[in-house]
Amino acid sequence: MFVGVAVYSRNRKDIINKVWSAVCFSVSLWCLFYFLTINAETKNSAVFLIKIANLFGVLVFVFWLYFVAVFLNIQKDKKFKLFYGLMIAFSIAVSYLILSPWFMKDIVPTYVFNYYLIPGFGYFVYAIYFLFATTGGLLFLFSHRKQFTGIKAGQFNFITFGSLIGFIGGGVAFLPSFGIYFPVYLLILFTTFPIIIAYGITKYNLFNIRVIATEAFIVAIWILLIYRSIVSYSSYQDFFINIGSLILIVAVGILLMRSVMREVEQREKIEKIEKDIEKAYEAEKLAKEKIDAIRVEDEALLSSIGEGVVAIDREGKVTFINRAAEQMLYLKSEEAVGRSYQEILKMETEKGEAVLKEKDPLNLALSSGKKVVTAVAEGTADIIYFYVRKDGTKFPSAITVAPVILNGKTIGAVDVFRDITVERQIDKSKTEFVSLASHQLRTPLSAIKWYAEIIMTGKAGKITKKQKEYLKKLYNGNERMIKLINVMLNISRLEAGKVKITLAPLSIKELLENIIAEQQVDIKKKKHKFTFECPNDLPKITTDSELIRMVFQNLISNAIKYTQDKGKIDCKVEKKDNSILFSVHDNGIGIPEDQQKKIFGKLFRADNAFSHDPQGNGLGLYAAKMTIENLGGKTWFESKADKGTTFYVELPVG
Ligand code: ADP
């Protein structure tokens, strides 16, 4: 009984504690009434007591079976539900039989007992019920044995062992009724079974045995003292002393129980903390191992790739350099790591000039937090940087610098670069080939032009109208081809750095008037409104007139070409401090925003341009930009799709 209270009080909410307490209560009440029966004074009371005892016996099974189910966590299983339902029905039937006259034939003094029953039909059924319930419960336990490990396996062993002992002990109570004398003291075993199980479960952490033991000990002393103070005293003085010491012991007992409980609670807390720390430590160890594995993997990966990789921290100190970078820069990782990147990754232009800090890709990536790419911008004439090796030699490289960003802050950068010497050589031979081919094509095309002109003018004999018309088409096609060849030749020369720049003072106004006059046919054909504005006192500029003519021609003809009929084109020249600014504005088809970045790229044409005018090669602007830059100027544009475009060219006066 006490075990039941103790276990229940440890954790009122836990279902397993509740059911277990119910088992303990019914066992104790069964025992109590059984012992009262065998020690009964009268036959009538014995009859009454034995029935009560056996009713509690039935309850033992009702609760014990449910306890087994809760422990095995099978209370919701169909199989168990069916079995338990049948057993409940059986329990009700047996309880009815216990109360009926068929339960026993008689109750008489047997052996050493005052009374013991002589079984009737009901008692046999009761015995069968006992066998059914115990074997059923034990079978459930055994069939789940394998699923338990660790603490649960320990609890399992105690429950099974305790139940077996208990029911063997309980079973002997039947024997005297069937004429077998047996030391019924074995019944004690029955009462021990809740204790054994409670101990077992406690040992494996479910209830706490230290608290239970302390409580048991203290309550035992209380009962002894109560008994002594009420029953055995010889004087009032004695009585008061007993009562006094009882109160004292109760108080001390409560304090003791509390302190034990607190200590146990603290120990549990410490144990929990210990476990948590252990878990955290394990998790940290695992995470560390994982990070190490990832690092080793990354390092292996970075070491094995062909590109040079150099990582720097926020201060620009080198933190990592891979094998390819070591080989390219003639460096060892040990001498590079920890030093400033400017000492390791010295950078120059092709002409041997140092790269300005504001153009240095690593510095740019660190300060802007954005990716910086050089030498690969889709065919544009990008500046190529050279990395200088330890021995002073240098190589051109395509560089990509990505900032390393953590929580929105740039904490370093990774520079991935590649030696593009070979690519540049191939490019150079390609350019040379195009240059040669274009040059060779020019002569036959000029011959075609010349002869076509002769035939068209009728100098070689009379031709029909139809023939003249076809010849005109031939002539125009040939003209386009010559233009294309000229552009290609120009580009290949510009790319190879072989353009001959002939500088001479030039009047921009005159040049532009000339170009506009040439374009009049097209302007008229498209019915554009064309304006030209230029100050009269514009100084002459020193530049290459042929090159600059090609640029303006291209920009103005583009404005005419990419504007719908009856458009408006404004061409303007302004004087600035040390430069002049040319602009040509149109209200044409514009350049879609997503394609504006690529507009100066080689062979690039915007989608809308292609559908507006299929003829075009996407080389004009590429050549224009390169030319302007070669002449020390700048070019850019502003555009909005379907609204219009303005191209600007700024040229130095000197
Ligand atoms: P092409 O005119 O032969 O296509 P360009 O190099 O001169 O080649 O021009 C490249 C592209 O730039 C054009 O295809 C067109 O998409 C765009 N572009 C140039 N000028 C204009 C303009 N004034 N209005 C709209 N788009 C333009």
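Note: hydrogens, waters and symmetry copies are ignored here, and every other heavy atom, side chains too, is used. When a ligand or atom number is given, it counts from 1 through the structure's own listing order.
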Visitor: Verify, without hydrogens or angle tests, whether Lys568 (side chain) and Thr531 (backbone) share a donor-acceptor contact under 3.5 angstrom.
Guide: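 A pair under 3.5 Å: no.
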Visitor: Looking only at protein heavy atoms, which one is nearest to atom 17 (C) of ligand 1, and how far off is it?
Guide: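 Heavy-atom neighbour on the protein nearest atom 17 (C) of ligand 1: Ile599 CD1, 3.9 Å.
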Visitor: Return the residue, atom name and 0.1 Å-rounded distance of the protein heavy atom closest to atom 3 (O) of ligand 1.
Guide: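 Ranked first by proximity to atom 3 (O) of ligand 1 is Asn617 N, 2.9 Å.
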Visitor: Donor-acceptor pair, distance only, cut-off 3.5 Å: does the side chain of Ser435 make one with the backbone of Thr431?
Guide: no
Visitor: For the backbone of Pro614 and the side chain of Arg605, can you confirm whether one donor and one acceptor N or O come within less than 3.5 Å of each other?
Guide: yes
Visitor: Give the residue, atom name and distance (to 0.1 Å) of the protein heavy atom nearest atom 23 (N) of ligand 1.
Guide: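 Ranking protein heavy atoms by distance from atom 23 (N) of ligand 1, first comes Asp586 OD2, 2.9 Å.
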Visitor: Return the residue, atom name and 0.1 Å-rounded distance of the protein heavy atom closest to atom 6 (O) of ligand 1.
Guide: Leu621 N, 2.7 Å
Visitor: Has Phe647 got any heavy atom lying under 4.0 angstrom from an atom of ligand 1?
Guide: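 It does, in that a heavy atom of Phe647 comes within the 4.0 Å cut-off of ligand 1.
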Visitor: So, are Asp292 and Lys288 salt-bridged, with charged N and O less than 4.0 Å apart?
Guide: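 Lys288 and Asp292: not salt-bridged.
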Visitor: Specify whether His612 and Tyr562 have parallel, tilted or perpendicular ring planes, treating 30° as the upper limit for parallel and 60° as the lower limit for perpendicular.
Guide: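 Geometry flag for Tyr562 against His612: tilted rings.
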Visitor: Atom 15 (C) of ligand 1: which protein heavy atom is closest, and how many Å away?
Guide: Ala609 CB, 3.4 Å
Visitor: So, is Asn558 polar-close to ligand 1, with some N/O to N/O distance under 3.5 Å?
Guide: yes
Visitor: Would you call Asp427 and Lys430 a salt bridge, taking side-chain N to carboxylate O under 4.0 Å as the test?
Guide: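 Salt bridge between Asp427 and Lys430, a charged N being under 4.0 Å from a carboxylate O: yes.
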Visitor: Counting heavy atoms only, which of Gly618, Ala641, Ser557, Pro614 comes nearest to atom 8 (O) of ligand 1?
Guide: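 Nearest option to atom 8 (O) of ligand 1, by heavy atoms: Gly618.
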Visitor: Within the structure, does Ala606 bring an N/O atom to less than 3.5 angstrom of an N/O atom in ligand 1?
Guide: yes
Visitor: Does the distance from a Lys or Arg side-chain N to an Asp or Glu carboxylate O, for Glu432 and Lys428, drop under 4.0 Å?
Guide: no
Visitor: To the nearest 0.1 Å, how far is atom 26 (N) of ligand 1 from its closest protein heavy atom, and which atom is that?
Guide: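 Ranking protein heavy atoms by distance from atom 26 (N) of ligand 1, first comes Ile591 CG1, 3.4 Å.
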Visitor: Is any side-chain heavy atom of Leu651 closer than 4.5 Å to a side-chain heavy atom of Phe582?
Guide: no
Visitor: Based purely on interatomic distance, does Gly620 place a nitrogen or oxygen under 3.5 Å from a nitrogen or oxygen of ligand 1?
Guide: yes
Visitor: Heavy atom to atom 14 (O) of ligand 1, shortest distance: which of Gln595, His585, Arg605, Lys602 holds it?
Guide: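 Minimum heavy-atom distance to atom 14 (O) of ligand 1 goes to Arg605.
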Visitor: Just so I know, are the side chains of Phe530 and Asp586 near enough to count as touching, which here means a heavy-atom distance under 4.5 Å?
Guide: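 No - every pair of side-chain heavy atoms lies 4.5 Å or more apart.
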Visitor: Could you tell me which atoms of ligand 1, counted from 1 in the order shown, lie closer than 4.0 angstrom to a heavy atom of Lys561?
Guide: 2 (O), 3 (O)
Visitor: I want to check a possible cation-pi pair here: Arg389 against Tyr330, using under 6.0 Å from ring centre and within 45° of the ring axis as the test.
Guide: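 Output yes; distance and angle both within limits.
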Visitor: Under 4.0 Å from ligand 1, counting heavy atoms only, is it the side chain of Asn554, its backbone, both or neither?
Guide: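 The answer is the side chain.
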Visitor: Tell me: protein heavy atom nearest atom 21 (C) of ligand 1, and distance?
Guide: Tyr562 CD1, 3.4 Å
Visitor: Hey, which atoms in ligand 1 end up nearer than 4.0 Å to a heavy atom of Leu619?
Guide: 6 (O), 8 (O)
Visitor: Check whether any side-chain N or O of Glu638 sits under 3.5 Å from a backbone N or O of Thr646 as a donor-acceptor pair, and report yes or no.
Guide: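 Checked: no pair found.
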Visitor: Would you mind running through ligand 1 and noting each atom that sits below 4.0 Å from a heavy atom of Phe604?
Guide: 10 (C), 11 (C)
